[in-house]
Amino acid sequence: VSISDLSPRRRRVLLLGWDAADWKIITPLLDRGEMPFLAQLVREGVMGNVATLTPALSPLLWTSIATGKRADKHGILGFAEPRPDGQGVQLASSKSRRCAALWNILPAYGRKPAFVHWYASHPAESVPGGVMVSDLQHQVTADNFESWKLPEECVQPPDLRPMMADLRMHPVEISAEQFQQLAPNAGKPGIEKDPRTMAITAALASFSTTHAVGTWLAEHGDWDLLSVYYRAPDDFCHDFMEYRAPKREDISHSDHLRWGDVVDNTYRMLDASLGRYMRLVGRDTTIVLVSDHGFESDHLRPRGTSGIRGTNPVGWHRQYGIFVAAGPCLKKDERVYGASLLDVAPTVLTILGLPVGADMEGHVLQTIFESPPEIKSVPTHDRPEVFSPGESPAPDPAAEQAALDQLIRLGYLPELPLATADQMRLVQIERLRALAQVHLGAHRPQEAMARLEELRKLAPDDRGALGMLISCQISAGQLEAAESNLAPILARSDDLGIWALVAGRLRAAQGRDDEALRYFEQARRHGDDNVAVLNSIGMTHLGRERWQLAAEIFREVLALDPDNAPGRTGLGVALQRQGKNEEAAEQLMRSVALLHQQSLAHHHLGLALRALGHEEWALRAFTYALQFHPANPEAHEQLAEIYTRLDQRAVALKHLQAAATLRKRMSGSA
Amino acid sequence: MITIVSGLPRSGTSLAMQMLAAGGLPVLTDGVRSPDENNPRGFYEYSRVLQLPRGDTGWGTEAEGRAVKITWPLLRSIPATWDVRIVWMHRALDEIIASQAKMLGRTGETAADALALKRAFASMQDQARHWMATRPNTPTLLLAHDAVLRSSHVEARRLSDFCDGTLDANAMAAAVDPALWRERRPAS
């Protein structure tokens, strides 16, 4: 069935968001028949990984899902942001978004969106013909625990307020039975004042409210796109993943017994919820299920607690979320490869028969459709008749902070209490860090470095920022700058602790391999992420053309984590360099299927495919390699050769010229 | 009706307050911040304005029928229930930044990086424009600082008309002292 043959009624989409959902947890449950509804959806549709973006912070990611753009474009840079009056911080607000989201786009084409609990959606925007229920609708805080007044501006249209107030579930309403479904071995809730029982009741209440609102709209709402975001899975993972099997040494037997099942039971509960939606929306509606990132759940769990107040909560987020889609015009029982969160909005728009914004950063996942979809396009949806960014200026945390500080010094803004000032500064620092990571993730190291320099002015002692800056400088070939930033640390001690990995990478880039390997050994002793250290060692060997040794190291990486894309790429490169093209192509294809945006993998895949005689596939691989890293003269030369063989001499010439320009520029800068 | 004079700090809000006062509109000030080299004719400020973001809005009744200076971003903290009209002072950002730098320089302090400030103030102006445009029933008059100094009679007439034509435009124009325009942007 082609989309264009579908009636508007059959072009409806239900987009469900399960924060942090991960195939590593789901697959064994599917195999045991414990998630029957998801199993049905997978059978009747397409499924695969979806690569997250950096930084893997939910407000940024869910806004990218809804807009098709990275955070530097959409403007949501964290959980919190400075209040616009400069007097403290607030939760990330819908007013800070700088581009159109799906809920703005649909009404411009006479279609009706309904969005529930999406991050950074408060105050709820008015969407003609649609419904918005903001992420504050279900919030229970210490201030409103008793009164539980429905926050102002959390529902659009406002006449739905009474219904949306009624559909909420308060933590005190969670029954013992509900609690025990999640934690059957934990005893009764409320018997003890264990914060973990409180965490379960709070997350269960949030889940129940989301489910009640979502299913009520599914049943009674008039919508073309219903999107319901569930935050609870991420909450449950952060609070309970450390207790899950396999039992860790630092977890007591009794805690493992009491809390070890909570995560898996959360998934069983999500499946039951999915089943309810499937019954309500019927088979005519396309269902898209997506998560923003995964969650480490096995031997790769980081040390320490998974709790959000731990030292490294984001370190528990795995790079791959889940993507499932089933509907009248989609393939059945197929895999989708190389999907990114940025692809969700363009794909959903295409299913709805609406145009994709050419300025969106992802692509329509064309391979999921039974027959090639008609992809309509407009230059942008950020037009005044669709979305007016209004008071949302470009996010520039360093400049904002400098201006607010200056107005306080001049007496035009009141002195902030010390705690508030600190809180503001902290939020601005984290926004800058997020912006730098966004640029890094989009392969824009120069912009990342500029943001990190600004960050370091606000927080000169921030070790994370310095580490990132040095890493950027190494990637950009600014080895002297990296050396001078690292020198004071190198001078302090022989045992570099957390700096050993970055020191090793610098030495490797400088060609001082022996020192590099010594530092990498230090990093392993220090307990750094083994996979990251091994990848660095492997890359050092690759750099010195020690292909066999590199391959052995990357195989070690893959034994630890078969889904590690850089490790698989490294192995593929080492094999390709040894002339083992068939094996190399297999490894590299698996790698780009995991993570599409890898220039190195596509480049060597192209080389392996050419050697195997698959010129047209190689053409595609080199094209991707250039898309993700345009300054690659060899890829241009390879393409020139392929196009010459295909007798497309004009295109071949263009590539030759591009290669020559790049080589000239490189020799000039050398 | 409260007449609010607003704008970014050092955009000429005190100048507008002087004009309104000279034209006969009562002004709400408390003299806590006394005239100095930065504003030789006074700041025309009311110190409780600074507490707006913390919810101190009880003085709204005192401001009724008067003019009060509330610079941005404090302006956005006024209650939605206040019946106001807004005189927004616009001044070139380079001049605002130079004026603030001079003010800080007088106390031996250093201003923040001018480029960063320009980015931040430009975005604050966008925020203010949007906020004023979307606040229901809020008449707004935009006065350009350089126009007031160059054509004080014309601008004073506009200001008087905005305030229902009840003010003495000649007296308002006479209150303008172009000699105080000290932070001209450098010639490009």
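Letters A, B, ... mirror the listed sequences (proteins, then strands); counts begin at 1.
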Nearest-0.5 Å distance that lies between atom CE in Met103(B) and atom OH in Tyr412(A) | 4.0 Å

If one checks every heavy atom of Ala402(A) against chain B at 4.5 Å, the contacting part turns out to be both

Chain B contact via Leu413(A) - which portion, at a heavy-atom distance below 4.5 Å | both

Nearest 0.5 Å please: distance from the CD atom of Glu400(A) over to the CZ atom of Arg119(B).
-> 10.5 Å

Would you please name every residue forming a side chain to side chain contact (heavy atoms under 4.5 Å, CB included) with Arg54(B), sequence neighbours left out?
-> Gln87(A), Pro414(A), Leu416(A), Pro417(A), Gln51(B)

For Arg76(B) and Asp85(A), the nearest pair of non-hydrogen atoms, with its separation, is CD-N, 3.8 Å

Tell me, side chain or backbone of Glu454(A) under 4.5 Å from chain B's heavy atoms, or both, or neither?
-> side chain

Can you say whether Thr13(B) sits under 4.5 Å from chain A via the side chain, the backbone, both, or neither, judging by heavy atoms?
-> neither

Considering residues at least two apart in sequence or located in another chain, which fulfil the side-chain hydrogen bond (donor to acceptor under 3.5 Å, both in side chains) criterion with Glu430(A)?
-> Arg433(A)

With a 4.5 Å cut-off on heavy-atom pairs, point out which of Ala116(B), Pro53(B), Ala112(B), Ala120(B) contacts chain A the most.
-> Pro53(B)

More than 12 heavy atoms from other groups under 6.0 Å of CD on Glu385(A) | yes

Taking it one step at a time, do Asp113(B) and Gln406(A) satisfy side-chain contact (heavy atoms from CB on, under 4.5 Å)?
-> CA-CA 10 Å; Asp113(B) 172 66; Gln406(A) 178 153 316; over 6 Å; no

Decide if atom CG of Asp159(A) counts as having more than 12 heavy atoms of other residues, nucleotides or ligands within a radius under 6.0 Å.
-> yes

Nearest heavy atoms of Leu407(A) and Gln100(B), plus distance in Å = CD2-NE2, 3.6 Å

Please report the shortest heavy-atom distance between Thr110(B) and Arg409(A), naming the atom on each side.
-> O-NH1, 2.9 Å

Quick check: are there more than 12 heavy atoms from other residues, nucleotides or ligands sitting under 6.0 Å from CZ of Arg463(A)?
-> no

